[in-house]
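First the structure, in the form of structure tokens, and then the observations on it.
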Amino acid sequence: MAMTGVLRPGHAQLRVMNLEEGVRHYRDVLGMVETGRDGQGRVYLKCWDERDHNSLVLREADRAGIDFVGFKVLDTTTLDKFERDLQEYGLKTERIPAGDMMETGERVRFEIPTGHLVELYAEKTQVGNGLQKLNPEPWTPAAEKGIAPARFDHLLLYGPNVAEAKKIFCDVLGFYLVERVLGPDGEGEAAIWLSCSHKVHDIAFVEHPEPGKLHHLSFMLESWEEVLRAGDIMSMNKVPIDIGPTRHGITRGCTIYAWDPSGNRFETFMGGYQPYPDYEPTTWTFDGLGEGGGLDYPQRKLHESFLTVVT
Ligand SMILES: [Fe+2]
């Protein structure tokens, strides 16, 4: 098996200002499956085609944003190794006991210089995707409920010291750089898209003065038609749309950005290409983000909200 180490972003804990309103959005409009509620009042959800018990945890709080993102690693031996590697790199790590999150094993948590809490974990109960393991159907009725993304795919975070975060992800955790936007003066990197897999991005960062900010969580659809259908469902439910439906030049993904009832941006998208770790990264100038079509290829403009609205 070629895929080892970090497998994917497996869960994110999101703050919502009204829990039931948040549940209605992510369960009934986005179409995720509610899989449990814990003693702390948190609600657990997964996308229909995900195998693990949860990929999104909603926590009621007085401000929106992200508490942490967790990446699933291959096994506990890999988890132990990354813990040692992170410590040797100079980061402080914390072991969170199994069961703190429902159906989830021990997590190794650390803070990165952008001000975000990142976790690694190896174990989460596999509840399946509702399909048989032998001679399965291609989809289930859950695949048509709401927008019904197949999986939580990636996230974009805003914070300072992106270059330092890149070192941790690339030098310690085995990610590679897929695309980047240079700073306004042509120096440094204003934004980076990193992959730990064959996906065009598993996590992305934009340099931003305030630490710990969330730009969006992204959920994967399988066709452009499904992206348009997502736009219809958002409109039917009065979900405020930020950008799209359109195509990003960066990653080539076809997308809609919209806001949940607490103001957290989420994305429903399809497509993009499949890079390999030996590919040369693609570079965009800072102007390329706007008039070069990096953000919105058809319109070739920089939507103000992309750089300014985060939670
Ligand atoms: Fe995205």
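Both counts, for ligands and for their atoms, begin at 1 and track the order of listing. Computed from a predicted model, the values in this text were never measured in an experiment.
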Starting from the C-alpha separation in whole Å, work towards a yes-or-no answer on side chain to side chain donor-acceptor pair (under 3.5 Å) for D242 and S305. CA-CA 8 Å; D242 177 19; S305 59; 2.5 Å; yes

Mind counting the protein N, O or S atoms sitting less than 2.8 Å from the Fe ion (ligand 1)?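 Atoms of protein N, O or S type lying less than 2.8 Å from the Fe ion (ligand 1) total 3.
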
May I have the list of side-chain donor-acceptor pairs in residues 137-150 shorter than 3.5 Å, sequence neighbours left out?
{"residue": "T140", "atom": "OG1", "partner": "A142", "partner atom": "N", "Å": "3.0"}
{"residue": "K145", "atom": "NZ", "partner": "R27", "partner atom": "O", "Å": "2.7"}

Checking D80 now: which residues fulfil salt bridge (Lys or Arg N to Asp or Glu O under 4.0 Å) with it, not counting sequence neighbours?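 D80: salt bridge (Lys or Arg N to Asp or Glu O under 4.0 Å) contacts with R95.
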
Under the salt bridge (Lys or Arg N to Asp or Glu O under 4.0 Å) test, which residues partner R252, sequence neighbours left out?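 Once residues adjacent in sequence are excluded, R252 has no partner under the salt bridge (Lys or Arg N to Asp or Glu O under 4.0 Å) criterion.
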
Can you see whether H216 engages S218 through a side-chain donor-acceptor pair at a distance of less than 3.5 angstrom?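 There is no such pair (donor and acceptor under 3.5 Å, judged by atom type) between the side chains of H216 and S218.
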
Test item: side-chain donor near acceptor, H248 and D296, under 3.5 Å: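 Short answer, no.
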
